[in-house]
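Convention: sequence-line order gives letters A, B, ...; per-chain numbering from 1.
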Amino acid sequence: MRVRFAPSPTGFLHVGNARTAIVNYLYARSNNARMVLRIEDTDLERSTRESEDSIFRDLSWLGIRWDEGPDLGGEFGPYRQSERFDIYRSYTERLLGEGNAYRCYCTKEELDRMKKGGDGEAESYTYSGRCRSLTDDERKKFEAEGRPSTVRFRVPDNVSIVVNDRIKGPVEFNSSNIGGDFIIVRSDGVPVFNYIVIIDDTLMKISLVIRGDDHLSNTPKQLLVARALGLSEPEYAHLPLIMGPDRSKLSKRHGITSVEMYRKEGYLPHALMNYMAMLGWASESGEEILPIEDIIRQIDLKKLSKNAPIFDFQKLRWMNGMYIRDYPLADITILFMPYLANAGYNVDAIDRTHLETVVSILRRYCDILSDIGHLAGIFLDEVCVPDEEADAMLKSDDGKNVIRASRTIIRDRLDSANFATGLIPAVKGATSLKGKSFFMPLRAIITGRQKGPELDQVMAVIGYDKCKMRIEYCHEHYCS
RNA sequence: GUCCCCGUCGUCUAGUGGUCUAGGACACCGGGUUUUCAUCCCGGCAACAGGGGUUCGAUCCCCCUCGGGGAUGCCA
């Protein structure tokens with residue numbers, strides 16, 4: 001059994017394509033199938049090697065592994081369509097020779113005119129078939145004029161084509177309404193997708209094509225080509241497209257859509273894969289967060305939803321947070337380090353055990369790794385410059401009272417051994433404040449914020465010196 | 001326009017001719033824990049698109065309508 005993922009390298013890996021890749025991968029793992037990575041780079045203008053590299057990197061980051069591809073080779077290569085033109089050429093000659101294809105000399109301008117003329121219904125246009133039955137003389141005349149030509153596939157009349165889709169069930173098309181004779185080779189000699197995709201799928205012995213729903217309507221064209229060429233036909237499974245909140249195809253204007261951006265913002269690959277697997281599928285138990293291995297064990301094409309799901313950014317975020325909280329502490333600490341570095345901390349200089357303690361407290365506040373950036377200061381900064389809320393609190397009478405009392409007490413009555421447990425009751429007694437009017441100012445002094453982890457926990461971690469320094473800082477700024 | 005696909009809480013889904021007073025999760029709202037916030041725990045709100053059939057009985061099967069999406073490229 002063999003499956004394939006066939007991206008075109010014309011940009012970053014989009015989450016929609018990523019889901020196709022993920023389902024292919026999960027299916028392959030679950031059925032012990034080989035996974036082929038094929039690069040569909042026949043759009044010479046838009047395809048770039050950089051895109052290809054970034055797609056490889058993003059797939060790898062997600063944890064997707066393939067068995068054959070441009071980077072690994074394999075017995076059915078080459079795996080870039082741009083390196084297979086000779087193969088396609090021989091098929092084109094056969095099609096031409098057997099009358100299943102013909103040269104079309106219509107220019108773009110002529111085609112445009114045909115579209116606009118007629119009924120005025122540009123939308124319902126199908127190629128008129130003007131060049132379908134050119135005489136030898138007419139053909140020679142066009143050639144003599146030096147007219148460039150495309151190659152069109154001769155679509156037979158009124159033939160029923162049934163796609164036995166593993167997700168949708170049988171879908172019937174009639175050859176008479178798939179848009180007429182379609183171009184299979186451009187005037188510059190480069191073959192087009194709808195033509196060569198089926199050649200590659202059969203040559204690469206793909207048994208099941210799992211791809212996006214947007215290809216379903218094109219499948220009859222591909223099947224017709226296969227029949228004309230006598231090629232075997234793969235099975236198909238068309239995945240519903242992922243939608244944006246407005247129910248149109250998910251795109252940039254809906255939010256982040258590139259896998260690369262999710263990686264950079266601090267989503268975990270397992271969380272992303274788990275979420276994407278849940279988009280259109282449910283586990284037997286109804287659990288939504290489960291190890292990839294369990295998903296592989298349970299996944300079943302028949303259980304995939306036929307509805308096009310809306311991508312729920314919020315739920316992905318939530319799920320990522322769950323992963324962050326469940327991760328082994330030592331590992332998640334390492335994953336947080338680049339984000340701490342990015343926020344300006346010299347992570348290598350910080351004791352690892354201390355860092356793990358900080359992370360163990362702060363990860364409860366993080367849905368994505370980058371969230372730690374604005375929280376780390378509570379533990380890692382020397383002094384915490386109060387934010388707007390904290391500033392207002394510290395300017396109040398209660399605020400100043402607490403600052404003064406804290407300063408006196410930590411300087412004169414406490415040391416590093418007893419301050420963490422002693423400061424709160426001592427200052428409370430000295431100010432005779434209680435409840436929020438006591439804790440909120442103290443929190444503002446120690447952390448510069450009005451919310452965050454429990455104060456005694458913070459103090460125990462930052463230590464006497466840092467605590468004292470922060471109190472002195474506030475005294476200087478608010479009481480003098 | 002034409003062809004094709006799809007319609008269960010706001011969202012992702014479970015369910016299948018009676019066990020459905022339709023289950024779970026996110027979001028939202030309320031409560032508890034936290035003298036804060038978040039985490040965590042408990043509770044609540046909320047859906048079978050509409051209309052016809054078939055049937056003793058339809059969310060489930062069939063048809064129509066409506067709604068959404070995709071295709072209709074010398075893009076993939």
| said: Under 4.0 Å, counting only non-hydrogen atoms across every strand here, what does A:Glu288 touch: a base, just sugar-phosphate, or nothing? | reply: base
| task | May I have the distance from A:Phe193 (atom CZ) to B:G73 (atom P), rounded to whole angstrom? | result | 15 Å
| message | Heavy atoms only, 4.0 Å cut-off, all strands: where does A:Arg449 land among base, sugar-phosphate and nothing? | response | nothing
| said: It should be established whether A:Arg186 places a side-chain nitrogen or oxygen under 4.0 Å from OP1 or OP2 of nucleotide B:C75. | reply: yes
| said: I'd like to know if A:Arg57 pairs up with A:Glu260 as an ion pair, taking the criterion as any Lys NZ or Arg NE/NH1/NH2 lying under 4.0 Å from an Asp or Glu carboxylate oxygen. | reply: yes
| Is A:Lys315 side chain donor-acceptor paired with the B:A27 base, going by distance under 3.5 Å alone? | no
| query | Who does B:A22 pair with, Watson-Crick or G-U, both distances under 3.5 Å? | reply | none
| query | Can you find a donor-acceptor N/O pair under 3.5 angstrom joining the side chain of A:Asn218 to the base of B:A76? | reply | yes
| query | Can you find a donor-acceptor pair, distance only, under 3.5 Å between A:Ser217 side chain and B:C3 base? | reply | no
| At under 4.0 Å between heavy atoms, what does A:Met393 touch on the DNA or RNA strands: base, sugar-phosphate, or nothing? | nothing
| Given atom CG of A:Asn320 and atom P of B:A25, what is their separation to the nearest angstrom? | 20 Å
| request: Answer with base, sugar-phosphate or nothing: what part of the nucleic acid does A:Glu454 contact at a heavy-atom distance below 4.0 Å? | output: base
| Pairing nucleotide - B:A49, Watson-Crick or G-U, each distance under 3.5 Å | B:U65
| Just checking A:His215: base, sugar-phosphate only, or nothing, at a heavy-atom cut-off of under 4.0 Å? | base
| field | A:Gln450 side-chain N/O to A:Met440 backbone N/O, donor-acceptor pair under 3.5 Å | value | yes
| said: When you measure from the side-chain N and O atoms of A:Arg363 to the phosphate of B:A38, is any distance below 4.0 Å, counting only OP1 and OP2? | reply: no
| query | Any donor-acceptor pair under 3.5 Å linking the side chain of A:Ser47 with the backbone of A:Leu44? | reply | no
| message | So A:Pro7, base contact, sugar-phosphate only, or nothing? Heavy-atom distance under 4.0 Å. | response | nothing
| query | Can you check whether A:Lys249 has a side-chain N or O nearer than 4.0 Å to OP1 or OP2 of B:A71? | reply | yes
| query | OP1 or OP2 of B:C75 sitting under 4.0 Å from any side-chain N/O of A:Thr42? | reply | no
| A:Glu235 and A:Arg166 ion-paired at < 4.0 Å | yes
| query | So what does A:Thr10 hit on the nucleic acid, given a heavy-atom distance under 4.0 Å: a base, only sugar-phosphate, or nothing? | reply | nothing
| message | Measure CD1/A:Ile324 against P/B:U39 and give the value in whole Å, please. | response | 13 Å
| Rounded interatomic separation in angstrom, taking CZ from A:Arg152 and P from B:G73 | 10 Å
| Looking for any heavy atom pair under 4.0 Å, which part of the strands does A:Ser8 touch: base, sugar-phosphate only, or nothing? | sugar-phosphate
| task | Answer yes or no: does a side-chain N or O of A:Lys303 lie under 4.0 Å from OP1 or OP2 of B:G15? | result | yes
| said: Could you check whether any side-chain N or O of A:Arg186 sits under 3.5 Å from a backbone N or O of A:Pro191, counting only pairs where one atom can act as donor and the other as acceptor? | reply: yes
| remark: For B:G1, the nucleotide meeting Watson-Crick or G-U wobble distances (both under 3.5 Å) is B:U72
| So, A:Asp391 versus A:Tyr478: side-chain donor-acceptor pair below 3.5 Å or not? | yes
| said: Regarding B:C12, can its base be found pairing with the side chain of A:Tyr275 as donor and acceptor, where the two atoms are less than 3.5 Å apart? | reply: no
| request: Determine whether any donor atom in the side chain of A:Arg443 lies under 3.5 Å from an acceptor atom in the base of B:U36, or the reverse, and answer yes or no. | output: yes
| query | Does a side-chain N or O from A:Asn307 land closer than 4.0 Å to OP1 or OP2 of B:G7, or not? | reply | yes
| Which part of the nucleic acid, if any, lies within reach of A:Gly280 when heavy atoms closer than 4.0 Å are counted: base, sugar-phosphate only, or nothing? | sugar-phosphate
| If you look at every strand shown and take non-hydrogen atoms under 4.0 Å, does A:Tyr365 touch a base, only sugar-phosphate, or nothing? | base
| said: Nearest heavy atom decides the nucleotide; on that basis, is A:Lys168 or A:Trp281 closer to the 5' end of RNA chain B? | reply: A:Lys168
| Presence of salt bridge, A:Arg227 and A:Glu233, under 4.0 angstrom | yes
| Which is true for A:Met243 with a 4.0 Å heavy-atom rule: it touches a base, it touches only sugar-phosphate, or it touches nothing? | sugar-phosphate
| message | Regarding A:Lys428, tell me which of base, sugar-phosphate or nothing describes its non-hydrogen contacts under 4.0 Å with the strands shown. | response | base
| task | Could you tell me which nucleotide pairs with B:C28 by Watson-Crick or G-U wobble geometry, both distances under 3.5 Å, or answer none if nothing does? | result | B:G44
